[in-house]
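The structure under discussion appears below in the form of structure tokens.
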There are 2 protein chains.
Amino acid sequence: METKKGYCNCLETIKPVRDTLDVINGKWKLPIIISITVGNERFTDIQNSIPGITPKVLAKELKELEEHKLIKRIIIEGYPVKISYQADAYADTLTPIIYALKDWGLNHRKKIMQVDV
Amino acid sequence: METKKGYCNCLETIKPVRDTLDVINGKWKLPIIISITVGNERFTDIQNSIPGITPKVLAKELKELEEHKLIKRIIIEGYPVKISYQADAYADTLTPIIYALKDWGLNHRKKIMQVDV
DNA sequence: TATGTTGCTTTCTTAAAGGAAAGTGCTATA
DNA sequence: TATAGCACTTTCCTTTAAGAAAGCAACATA
């Protein structure tokens, strides 16, 4: 006796994809990781490198990325206390995703530019 | 004279990534494309194959995917008119993204399972 | 006549994301 | 003393996403 379901099962793929989306969801997380990976480590620098982001949103996203062990927040004592944000080694595992998204975006732009009919 | 900006520029990467995110954003678009790619072509089958999706959300997302030329909506005349959703060839270009997300998700689950300290 | 199937739409409600603008506490330098 | 920089926080508000529940039009079969 087998359960009758008329549809094709694709949970094997959907589930891990959704797990990933839960971590890197939203408009800002990947741009922030890119910015930090490329060398920006100060709050203001990260903010300036990502057009349109507000300090409130940046602060919130940084906290979430830290919770997910993707970045580290390092306090540098000194005249004004400074903070350094750095990519955790785990963030490197996102590289294939970032490149796949970048490549697709570049190609997509080409496509919608040329084809207009 | 050069503009003084203290931060590293990463717009070359951020911009195409955001272009991509604008197309496949949200919780549902990739799961829907996966479901259709795997062989589900009927509204109800797609709905059943994706846990938690409501018909309202599915209808809306299908329209957007059609606008982005990622899927086709084919009307099959008959006793009750049926609709077949099919992946456009362009949807195949998303495969590297889907696999990158799937792999990361599987690995992430392993990581958070084992490391608990 | 009643019921079921398909592919949705409609209405209502809540939750989450995002944005604008100003403020805060600290300190160093002019 | 005044100003400026840093790393945020706070408040308020708008927009978007999402979810629950029900309904509907067309036909076909029992």
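Naming: A, B, ... by sequence-line order, numbering from 1 per chain.
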Indicate the ring-plane relationship of B:Y90 and A:H108, choosing parallel, tilted or perpendicular according to the 30° and 60° boundaries.
parallel
Atom-to-atom span, [atom1] of [X] to [atom2] of [N] - whole angstrom:
X	N	atom1	atom2	result
A:L58	D:dT9	CG	P	10 Å
A:I46	D:dA7	CD1	C1'	11 Å
B:I50	D:dA18	CD1	P	12 Å
B:N48	C:dG7	CG	P	11 Å
A:E61	D:dT9	CD	P	14 Å
A:D22	D:dA18	CG	P	11 Å
A:D45	D:dG5	CG	C1'	12 Å
B:E41	C:dC8	CD	P	13 Å

Report yes or no: does A:T37 contribute a side-chain atom to a donor-acceptor pair with the main-chain N or O of A:I33 at less than 3.5 Å?
yes
Test item: B:N48 side-chain N/O and B:T44 main-chain N/O as donor-acceptor pair under 3.5 Å:
yes
Listed nucleotide nearest any side-chain atom of [X], set [options]:
X	options	answer
A:F43	C:dG19, C:dT9, D:dA7	D:dA7
A:I83	C:dC8, D:dA7, D:dG19	D:dA7
A:R42	D:dA7, D:dT9, D:dA18	D:dA7
A:R73	C:dG18, D:dC8, D:dC6	D:dC8
A:P55	D:dC6, D:dC8, C:dA20	D:dC8
A:T54	C:dA20, D:dA18, D:dA7	C:dA20

Distances under 3.5 Å only, N/O to N/O: pair up the protein atoms with those of nucleotides 11-15 of chain C.
none

Could you please spell out the steps behind the side-chain contact (heavy atoms from CB on, under 4.5 Å) verdict for A:V17 and B:L101?
CA-CA 5 Å; A:V17 166; B:L101 293 170; 4.3 Å; yes
Distance-only donor-acceptor check, side chains A:K29 and A:N25, under 3.5 Å:
yes
Can a side-chain donor-acceptor contact be found between A:Q47 and A:S49 if the only test is distance below 3.5 angstrom?
no
Short side-chain N/O contact to [N] OP1/OP2 from [X], under 4.0 Å:
X	N	answer
B:K82	D:dC27	no
A:K60	D:dT10	no
A:W28	C:dG19	yes
A:Y85	D:dC8	yes

Any chance you could lay out the side-chain contact (heavy atoms from CB on, under 4.5 Å) test for B:I14 and B:R18, step after step, and finish with the verdict?
CA-CA 6 Å; B:I14 286 180; B:R18 287 198 23 184; 4.1 Å; yes
Counting neighbours of CD on B:E12 that are heavy atoms of other residues, nucleotides or ligands and sit closer than 6.0 Å, is the number greater than 12?
no
